[in-house]
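Down below is the structure, laid out as structure tokens.
Whatever order the structure lists ligands and atoms in, that order sets their numbers, starting from 1. Hydrogens, waters and symmetry mates play no part in the numbers below; they use all other heavy atoms, side chains included. Since this is a predicted model, take the numbers as computed values, not measurements.
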Amino acid sequence: MEVVITTTVEDAGRVVADVITQALRGGARVLGLATGSSPLAAYRELARRHREEGLSFAGVRAFLLDEYVGLPASHPQSYARVIRDELVDAVDLDPGHVHGPAGDAADPLAEARRYDEALRAAGPVDLQVLGIGVNGHLGFNEPGSSLTSRTRVKTLTARTRQDNARFFTGADAVPRHVLTQGLGTITEARHLVLTASGEHKAVAVAAAVEGPVTASCPASVLQLHPHVTVVVDEAAAAGLAQAEHYRDVLEHKIAGQGY
Ligand code: F6R
């Protein structure tokens, strides 16, 4: 696992954009995309690189991590719509090649199985972008999620509904159920890049990176994966005991090592 600590959120966004750019230039054809606030700086930077530097997503297929049960893709807070607004429409990603679990499926349990199979057929994902919940969730795998779980319906914790209330009219308006890739599904991607910023993420980041591997902190499953890049600003890195070492590693990288 490589941990990159940046001074600002914008710098973190540029590093995540570098990781994605490196993957695209290296031939990545399947991207895994997270929604929420964490990847927004990176998505803005990718949009700029597309506009000003010709970075292209042509031929790329993208898969979302999760979706709220009950929200159609047309709902402003559905993740299908959010990713369109925040990234797809700003670059040359073909909207027909951006896939997610259907929140309004008549049978969410069957939809979870369908999506998992679609991912398996299209995968492996070359690069998966991830955020982390303040409770250590990855995708919407809340604490207690099996580290080998597949895509399925999960129930959000009260804490997550509270955290996401800012996107709705209040916590009660946040759907209770979600469809999420499982931790086993997510970790089939070849390379995982997790980004977080702000002091409210510091405890979760430290637990995920340096704590025990446990279902109580779902993001700790990253420690079992051979290729992970964690990009955090200083506030989110505040709980990392090995921060100085991570900085040292970054400063003394061997030429061509990449991310
Ligand atoms: C979003 C997702 C979630 C978020 C996490 C952090 O697709 O899977 O795990 O990454 O809840 O959310 P933000 O980035 O809004 O703090």
| Taking atom 14 (O) of ligand 1 as the reference point, the nearest protein heavy atom with its distance | Ser38 OG, 2.4 Å

| request: Return the orientation label for the Phe140 and Tyr79 ring planes: parallel under 30°, perpendicular over 60°, tilted otherwise. | output: parallel

| When the aromatic ring centroids of Tyr68 and Phe167 are compared, is their separation below 6.0 Å? | no

| remark: Checking heavy atoms under 4.0 Å, the part of Leu64 that sits near ligand 1 is neither

| task | Nearest heavy atom to atom 15 (O) of ligand 1 wins, so pick from Gly131, Ser37, Ser197. | result | Ser37

| said: Among Gly133, Gly198, Gly139, which one puts a heavy atom closest to atom 3 (C) of ligand 1? | reply: Gly139

| said: Can you confirm, on distance only, whether ligand 1 has an N/O atom lying under 3.5 Å from any N/O atom belonging to Arg166? | reply: yes

| request: May I ask you to say whether Arg81 pairs ionically with Glu67, meaning some side-chain N is under 4.0 Å from a carboxylate O? | output: no

| request: Closest by any non-hydrogen atom to atom 8 (O) of ligand 1: pick that one out of Asp66, Val178, Leu138. | output: Asp66

| query | Which protein heavy atom lies closest to atom 6 (C) of ligand 1, and at what distance to 0.1 Å? | reply | Ile132 O, 3.4 Å

| message | Does either side chain, that of Thr6 or that of Arg14, offer a donor lying less than 3.5 Å from an acceptor on the other one? | response | no

| query | Does one side chain, of Thr180 or Arg152, offer a donor that lies under 3.5 Å from an acceptor on the other? | reply | no

| query | Short question: side chain of Ser149, backbone of Leu183 - any donor-acceptor pair under 3.5 Å? | reply | yes

| query | How close does the nearest protein non-hydrogen atom get to atom 11 (O) of ligand 1, and which residue and atom is it? | reply | His137 NE2, 2.6 Å

| task | Using distance alone, decide if ligand 1 has a nitrogen or oxygen within less than 3.5 Å of any nitrogen or oxygen in Tyr79. | result | no

| In this structure, which one of Arg150, Gln181, His225 forms a side chain to side chain donor-acceptor pair (under 3.5 Å) with Glu188? | Arg150

| In terms of atom number and element, which parts of ligand 1 are under 4.0 angstrom from non-hydrogen atoms of Lys201? | 6 (C), 13 (P), 16 (O)

| query | Between Arg48 and Glu45, is there a side-chain N and carboxylate O pair less than 4.0 Å apart? | reply | yes

| Got an N/O contact under 3.5 Å between Leu130 and ligand 1? | no

| task | Can you sort out which atoms of ligand 1 are near Leu65, meaning under 4.0 Å from one of its heavy atoms? | result | 8 (O)

